[in-house]
Amino acid sequence: MIVMKFGGTSVQDAQAINRVAAIVRERLKEKPVVVVSALAKITDQLLTMASAAGTGHRDQALELSRSARERHYNTAVDLLGTHAFEQIAPELDADFNSLDELLRGVVAVGELTARTTDTIAGFGERVSSKIAAAAFSQRGIQAAHVDSRRCIVTDDNFSKAVPQFDETNARLADLVKPLLDGNRVPVMGGFIGATRQGIPTTLGRGGSDFSAAIVGAGLNATRIEIWTDVDGMMTTDPNLCPQARRIKTISFEEAAELAYFGAKVLHPATLLPAIQKNIPVLILNSRNPACEGTRITATAPKSKNIFKAIAAKRRITVVDIVATRMLMAHGFLKSIFEVFANHRCPVDMVSTSEVSVSVTVDSNESIAAIAADLGKLADVKYDGRKAIVCLVGENIRNTPGIAAKVFGAIPDVNIQMISQGASEINISFVIDESDVPQVISRLHQAFFTDVDPAVFA
Ligand code: ADP
Ligand code: ASP
Ligand code: MG
């Protein structure tokens, strides 16, 4: 079997879902499980209505919900015609009515919990998957809607729930495998799951890619296809740099680094299940299905270029911790990292001297509390308008003088932290967020003007 995941823009309206149905039809022999995101921008809209309700803006919340309902009904009518639409209308009604009920409940109690936020955020995938399944069936594909909350079992870490793989795999075997055996095409919403007790959760923004990988690994897929709005994984974000080239093949390790350091085309956790089961992952364009996309596998062919791609991760906070009294003392780093651990805050980059430590973390609400705790140990400063730029490629391992080449291309840019060595396949550094566009474009010019045709398109 294979997994085919379609992102928000790939299911944004009736025309897009129509294209998806045609793409799925081409793959029926391979027994696809289809994973869909919410229609483009719907998750943002759901989160906006949740916070409107949480702050007592009842009418605004209900109006946003009404317009989301209308968009889904219009899309479904366009796809199905009024007659077939009427068959799924009761289910969609029930979903949107329960969304409205939740929003009213949030306004009534005057509090928006993490748990309720996750339930609200997940409505997009709940309804998009039902509409896609109905559209497939009407086009002669034997589709079967599967409620992801019954299959993807997670912990209760709301908004970034962690899948419980043993339980999830057992549920996939019970609920999805029999459908495949009966030649049906299971259609599931990405992004969402539920705890063992059935409380709805989400896997983090962009998490439908991760859902696809979880399903693929659980059912031993021969391939996981991530269908999106660009031709594949590119040498940098094509929206930032139109000269970006398509990467034909890339290793799991390289792609994982890129995803982690901001290449939004792939959710950072996606490759973990794929690596464990050694399942190739393809990035493909639903608007240009003839393009062969990017193939991500355990090993990638050698390239003449040093780097495969450049990524940038914005909204990074740099925390500078200085403690002169710690000179020659041991245990300083341990006590600092304990503070981050206590706040469950992952640290990305670290640079140290005898009496000072700089670390980067994703910008988050707990940063003030973290700084307060660190303040008990040392002097602390932080700045949240930073970005990490990261160049990735397996050739970094055996190329001397990398740093000179990289920084030589941007000699006038203020570099605040540098990291090379840890993973051997990336060199990354911190700059002001406002420098990202020019830095990416100059580095791209320096390293990707001349590309190896065996690896880049
Ligand atoms: P989807 O909704 O299909 O999941 P996303 O918006 O999450 O799509 O991811 C696709 C987007 O990722 C592209 O439109 C592109 O702007 C962005 N992107 C960032 N870095 C890269 C890269 N290196 N290669 C391709 N796309 C990238
Ligand atoms: N719809 C979710 C989001 O916007 C998940 C996804 O699209 O992958 O974050
Ligand atoms: Mg995405």
Side-chain angles (χ1 to χ4, degrees), residues 4-12 16 19-20 23 35-48 68 117-118 120-129 148 152 159-161 188-193 201-214 225-248 250 254-270 281-288 291 293-294 296 307-314 389-393 436-437 440 443-444 448 456-457:
M4 304 175 78
K5 176 262 170 177
F6 295 90
T9 43
S10 300
V11 294
Q12 66 184 359
R19 277 197 295 268
V20 165
I23 293 168
V35 175
V36 291
S37 288
L39 313 200
K41 306 231 158 65
I42 284 293
T43 310
D44 288 335
Q45 193 169 332
L46 288 161
L47 289 170
T48 310
T117 306
D118 254 17
I120 294 174
F123 270 90
E125 273 74 6
R126 280 164 63 172
V127 287
S128 68
S129 53
S148 299
I152 309 292
S159 88
K160 40 184 176 302
M188 320 175 48
F191 182 53
I192 52 177
T201 55
T202 67
L203 302 174
R205 294 307 306 272
S208 295
D209 301 333
F210 190 24
S211 304
I214 296 166
E225 297 183 347
I226 306 290
W227 290 83
T228 183
D229 59 356
V230 285
D231 274 347
M233 210 164 204
M234 319 282 279
T235 48
T236 194
D237 184 344
N239 282 329
L240 217 57
C241 178
Q243 292 79 28
R245 311 284 290 259
R246 173 167 61 90
I247 306 166
K248 293 187 197 167
I250 188 167
E254 290 170 323
E257 291 277 325
L258 286 168
Y260 190 74
F261 285 103
K264 183 187 167 218
V265 63
L266 210 55
H267 181 278
T270 311
V281 175
L282 273 83
I283 315 284
L284 297 155
N285 188 349
S286 69
R287 292 174 187 165
N288 183 18
C291 177
T294 298
I296 311 172
F307 301 118
K308 286 277 168 54
I310 314 171
K313 193 171 176 183
R314 292 161 199 258
V389 172
C390 169
L391 294 108
V392 172
V436 167
I440 294 281
L443 290 174
H444 196 271
F448 295 100
F456 301 93

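Ligands are counted one by one from 1 in listed order, and the atoms in each one are counted from 1 as well.
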contact_flag K5 ligand 1 heavy-atom lt 4.0 Å: yes
Identity and distance of the protein heavy atom lying nearest atom 6 (C) of ligand 2: S208 OG, 3.4 Å
Just to check, does H267 reach to within less than 4.0 Å of ligand 2 when the distance is taken from its heavy atoms? no
Is there a side-chain contact between I152 and I192 in this structure, where contact means two heavy atoms from C-beta onward sitting under 4.5 Å apart? no
CA sep, side-chain torsions, deciding dist, call: T201, D118, side-chain hydrogen bond (donor to acceptor under 3.5 Å, both in side chains): CA-CA 5 Å; T201 55; D118 254 17; 5.2 Å; no
For ligand 1, which atoms, with element, lie under 4.0 Å from some heavy atom of M233? 24 (N)
Using a 4.5 Å cut-off on heavy atoms from C-beta on, say whether the side chain of I296 contacts that of L266. yes
Which of parallel (below 30°), tilted (30 to 60°) and perpendicular (above 60°) describes F456 and F448? perpendicular
Polar atom proximity, T43 to ligand 2 (N or O, under 3.5 Å): yes
Atoms of ligand 2 less than 4.0 Å from E125 heavy atoms? 1 (N), 2 (C), 5 (C)
Among I283, I310, V265, T236, closest by heavy atom to atom 27 (C) of ligand 1 is V265
Which residue and atom name correspond to the protein heavy atom nearest atom 4 (O) of ligand 2, and how close is it? R205 NH2, 2.9 Å
Do R287 and T9 make a side-chain contact, defined as non-hydrogen atoms from C-beta onward lying under 4.5 Å apart? yes
Identity and distance of the protein heavy atom lying nearest atom 7 (O) of ligand 2: S37 OG, 3.2 Å
For the residue pair I23 and W227, establish whether any side-chain heavy-atom pair is separated by less than 4.5 Å. yes
Does G124 come within less than 4.0 Å of ligand 2, judged by its heavy atoms? no
Out of curiosity, is G190 lining ligand 2, as in a heavy atom under 4.0 Å away? no
Taking the side chain as every heavy atom from C-beta outward, state whether S208 and E125 have any pair of such atoms under 4.5 Å apart. yes
Any idea which atoms of ligand 1 are less than 4.0 Å away from a heavy-atom of P238? 25 (C), 26 (N), 27 (C)
Kindly confirm or rule out an N or O of D237 lying under 3.5 angstrom from an N or O of ligand 1. yes
What do the steps show when you test V265 against T294 for side chain to side chain contact (heavy atoms under 4.5 Å, CB included), and what is the final call? CA-CA 11 Å; V265 63; T294 298; over 6 Å; no
Nearest protein heavy atom with distance in Å, relative to atom 14 (O) of ligand 1: D229 OD1, 2.9 Å
Residue and atom name of the nearest protein heavy atom (relative to atom 2 (O) of ligand 1), distance in Å to one decimal: G8 N, 3.2 Å
Quick one: does L203's side chain get under 4.5 Å of I214's, heavy atoms only? yes
Return the closest protein heavy atom for atom 16 (O) of ligand 1 as residue, atom name and distance. N239 ND2, 2.7 Å
Of the protein's non-hydrogen atoms, which lies at the shortest distance from atom 6 (O) of ligand 1, and what is that distance? K264 NZ, 2.9 Å
Is there a polar contact, in the sense of an N or O pair closer than 3.5 Å, between G206 and ligand 2? yes
Would you say the side chain of I310 lies within less than 4.5 Å of the side chain of T235, judging by non-hydrogen atoms? no
Identify, for atom 24 (N) of ligand 1, the protein heavy atom at the shortest distance, and state residue, atom and that distance. M234 N, 2.9 Å
re atom 3 (O) of ligand 1, the protein heavy-atom contact at minimum distance is T228 OG1, 2.7 Å
For the pair K5 and D209, find out whether any cationic side-chain nitrogen is under 4.0 Å from an anionic carboxylate oxygen. yes
Thinking salt bridges, do R205 and D44 make one under a 4.0 Å N-O criterion? yes
Heavy-atom distance under 4.5 Å between the side chains of I250 and V392, does that happen here? no
Counting each atom of ligand 1 from 1 as listed, which ones have a heavy atom of G232 under 4.0 Å away? 24 (N), 25 (C)
